[in-house]
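The next block holds one structure in the form of structure tokens; read it before the comments.
All values below come from the heavy atoms of this structure, side chains included, with hydrogens, waters and symmetry mates left out.
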Amino acid sequence: MSDWDVKNLSFDAFAEDLETVADKLELKRFPLLGISQGAAVAIEYAVRHPDQVSGLILVGSYAAGWRYLARPEEQARREAVRNLTEVGWGQKTRRTGTSFQDIHA
């Protein structure tokens, strides 16, 4: 039921989405599971709402992601994939004009 016409894909938008879901469900106190990059969002939510999070479970996560740890060449490659995905989002074919293999060759 997610919106296909997303204008804001920022980290803050992800955290606000989680806040919206928790508010809509009227969750008072609950354990929160964060997997992969969702762990950073879960951590942010727990920092913003410590009284609502009874436990924080992080799986396959990291404290600092590729934007902080990767070499400049790897950062450029990942930004290119992100930009291609953003440009192609919502198109019927989901094609962005290149393939993942082209970027990582």
Side-chain angles (χ1 to χ4, degrees):
M1 297 185 59
S2 296
D3 188 356
W4 283 92
D5 187 25
V6 178
K7 306 258 186 289
N8 185 356
L9 295 172
S10 70
F11 178 78
D12 282 334
F14 291 158
E16 290 165 11
D17 285 348
L18 180 54
E19 287 174 328
T20 300
V21 170
D23 289 347
K24 182 71 175 173
L25 294 174
E26 299 178 356
L27 299 174
K28 301 297 180 215
R29 190 155 171 80
F30 58 96
L32 187 55
L33 171 65
I35 301 173
S36 190
Q37 77 180 46
V41 176
I43 292 167
E44 179 65 19
Y45 184 90
V47 168
R48 291 183 188 186
H49 306 281
D51 55 317
Q52 286 184 267
V53 178
S54 63
L56 189 58
I57 304 108
L58 306 175
V59 179
S61 58
Y62 43 85
W66 59 266
R67 288 184 187 213
Y68 299 100
L69 301 175
R71 296 183 319 272
E73 301 82 22
E74 180 62 18
Q75 289 178 7
R77 274 191 289 279
R78 289 179 182 229
E79 283 295 333
V81 170
R82 188 192 69 78
N83 290 335
L84 287 169
T85 301
E86 184 175 351
V87 168
W89 195 258
Q91 296 189 14
K92 291 181 182 178
T93 62
R94 302 282 188 268
R95 240 182 109 70
T96 58
T98 189
S99 71
F100 189 71
Q101 289 83 7
D102 294 339
I103 299 298
H104 289 282

Taking only residues two or more places apart in sequence, or in another chain, which ones meet [X] in a salt bridge (charged side-chain N to carboxylate O under 4.0 Å, His left out)?
{"X": "Glu16", "answer": "none"}
{"X": "Glu26", "answer": "none"}
{"X": "Lys24", "answer": "none"}

Non-hydrogen side-chain atoms of Arg77 and Arg82 separated by less than 4.5 Å: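 The answer is no; the side chains never approach within 4.5 Å.
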ILVMFWY cluster, Ile43 and Ile57 together (side-chain gap under 4.5 Å):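 Unlinked, Ile43 and Ile57 end up in two clusters.
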Please check if Val59 and Leu56 belong to a single hydrophobic cluster, counting links between Ile, Leu, Val, Met, Phe, Trp and Tyr side chain heavy atoms closer than 4.5 Å.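 No, Val59 and Leu56 fall in different hydrophobic clusters.
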Contacts of Phe11 that satisfy ring-ring contact (aromatic ring centres under 6.0 Å, His included) - sequence neighbours left out: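 ring-ring contact (aromatic ring centres under 6.0 Å, His included) list for Phe11, sorted by chain: empty.
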Go through the structure and list residues passing side-chain hydrogen bond (donor to acceptor under 3.5 Å, both in side chains) with [X], not counting sequence neighbours.
{"X": "Gln75", "result": "none"}
{"X": "Ser10", "result": "Asn8"}
{"X": "Gln52", "result": "Tyr45, His49"}

Does anything in residues 35-48 pair up under salt bridge (charged side-chain N to carboxylate O under 4.0 Å, His left out), and if so which pairs, sequence neighbours excluded?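 Listed once each, the pairs are Asp12-Arg48, Glu19-Arg48, Glu44-Arg48.
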Under 3.5 Å, which donor-acceptor pairs link side chains of residues 28-42 to any protein atom two or more places apart or in another chain?
{"unit_1": "Arg29", "atom_1": "NH1", "unit_2": "Asp51", "atom_2": "O", "d": "2.8"}
{"unit_1": "Arg29", "atom_1": "NH1", "unit_2": "Val53", "atom_2": "O", "d": "3.4"}

